[in-house]
Amino acid sequence: MPVHRLNHAVLYVRDVERSVAFYREALGFEVVMGMRGAAFLQAPGSTNDHDLGLFEIGENAAPSPAGRTSVGLYHLAWEVDTLEELERVAAKLGELGALVGASDHGTTKALYAKDPDGLEFEVSWLVPASLLTDEILASRASIRPLDLNADKERYGPQTRGGVGVSIPA
């Protein structure tokens, strides 16, 4: 039986309260359960038990060497429904000083950010299957700067992304 989707991610953080505050403010996550040194968060609209677990390991924890001096996870990616929502998240991440990049991958429009511990994550909108063309599919071969205004004009600010791709049609 194949894997269907990622159920949740768990991160080690220096300060669980600081990380909870960040993920609440940046992405709207809500705490569904907590205990000393740990919190379990759910994304807005999710029916999952939890989408993100956070475990505190203390302020003296070293930064993750993953990708620099060791193998490890590069980033997590969360999907938003509309380009308008992606734009709102971009503004919030910018306001928090967390936004570190924005890219157009052809079929995916992506923001990149870092949490208070420097752990990178992505927030993306996926072009729905009904709007995919040979040109868009071919454009996956290169990465371009994200132009949300042009994408909203091309696809519509309220067009639901991922339909037929990550979401059943």
Side-chain angles (χ1 to χ4, degrees), residues 2-14 19 22-29 41 43-46 48 51-54 62-169:
V3 170
H4 292 268
R5 65 186 173 105
L6 179 66
N7 182 269
H8 65 272
V10 178
L11 305 176
Y12 289 113
V13 298
R14 289 183 182 90
S19 293
F22 174 80
Y23 284 102
R24 285 182 77 162
E25 186 170 357
L27 300 176
F29 279 79
L41 292 78
S46 173
N48 222 10
D51 299 291
L52 181 62
L54 302 171
S64 172
R68 294 183 295 278
T69 60
S70 72
V71 296
L73 182 66
Y74 171 32
H75 69 252
L76 303 171
W78 286 291
E79 193 176 329
V80 294
D81 278 340
T82 67
L83 286 167
E84 191 171 76
E85 181 64 9
L86 190 65
E87 185 174 53
R88 187 197 67 73
V89 171
K92 177 53 79 174
L93 293 171
E95 176 187 310
L96 295 172
L99 188 64
V100 296
S103 299
D104 183 339
H105 300 274
T107 58
T108 304
K109 313 307 175 182
L111 306 173
Y112 297 92
K114 290 190 177 183
D115 78 0
D117 289 301
L119 300 173
E120 191 164 330
F121 62 91
E122 176 182 343
V123 179
S124 60
W125 179 83
L126 281 62
V127 177
S130 65
L131 298 178
L132 290 174
T133 63
D134 289 340
E135 173 196 354
I136 293 169
L137 292 169
S139 70
R140 294 180 294 185
S142 63
I143 300 171
R144 293 159 308 288
L146 182 63
D147 184 343
L148 276 173
N149 288 329
D151 288 327
K152 288 189 310 181
E153 189 173 312
R154 180 176 187 173
Y155 301 110
Q158 288 293 316
T159 299
R160 188 163 187 224
V163 175
V165 179
S166 59
I167 301 166

**Report entry** Residue pair I136, R154: steps toward the side-chain contact (heavy atoms from CB on, under 4.5 Å) verdict
**Finding:** CA-CA 12 Å; I136 293 169; R154 180 176 187 173; 3.5 Å; yes
Could you grab the distance from atom [atom1] of [X] to atom [atom2] of [Y], nearest 0.5 Å is fine?
{"X": "D115", "Y": "Y23", "atom1": "CG", "atom2": "OH", "answer": "3.5 Å"}
{"X": "L148", "Y": "R88", "atom1": "CG", "atom2": "CZ", "answer": "13.0 Å"}
{"X": "L54", "Y": "F22", "atom1": "CG", "atom2": "CZ", "answer": "11.0 Å"}

Does any part of the side chain of [Y], heavy atoms only, come nearer than 4.5 Å to the side chain of [X], both counted from C-beta?
{"X": "R160", "Y": "I167", "result": "yes"}
{"X": "H105", "Y": "S124", "result": "no"}
{"X": "F121", "Y": "L93", "result": "yes"}
{"X": "L83", "Y": "T159", "result": "no"}
{"X": "L41", "Y": "D51", "result": "no"}
{"X": "D117", "Y": "L11", "result": "no"}
{"X": "S130", "Y": "V163", "result": "no"}

Report task. Not counting sequence neighbours, list each pair that qualifies as a salt bridge (charged side-chain N to carboxylate O under 4.0 Å, His left out) and has a residue in residues 96-109. Result -> D104-K109, D104-R144, K109-D151
Report task. Would you list the pairs meeting salt bridge (charged side-chain N to carboxylate O under 4.0 Å, His left out) in which at least one residue belongs to residues 119-133, sequence neighbours left out? Result -> none
Of all heavy-atom pairs between [X] and [Y], which one has the smallest distance, and what is that distance?
{"X": "G161", "Y": "P128", "result": "CA-CD, 4.2 Å"}
{"X": "G72", "Y": "A66", "result": "CA-CB, 3.8 Å"}
{"X": "L86", "Y": "V123", "result": "CD1-O, 3.5 Å"}
{"X": "V127", "Y": "G106", "result": "CG2-O, 3.7 Å"}
{"X": "Y112", "Y": "A102", "result": "CD1-N, 4.4 Å"}
{"X": "A129", "Y": "V165", "result": "N-CG2, 3.6 Å"}

Requested in this report: Could you tell me whether E84 and K152 make a salt bridge, using a distance below 4.0 angstrom between a side-chain N and a carboxylate O?
Outcome: no
**Report entry** Donor-acceptor contact present, side-chain W125 to main-chain D81, <3.5 Å
**Finding:** yes
What do you reckon, is [atom1] of [X] surrounded by more than 12 foreign heavy atoms closer than 6.0 Å?
{"X": "Y155", "atom1": "OH", "value": "yes"}
{"X": "E95", "atom1": "CD", "value": "yes"}
{"X": "D134", "atom1": "CG", "value": "no"}

Requested in this report: Evaluate side-chain contact (heavy atoms from CB on, under 4.5 Å) for N149 paired with E87, printing each intermediate quantity in order.
Outcome: CA-CA 9 Å; N149 288 329; E87 185 174 53; 3.9 Å; yes
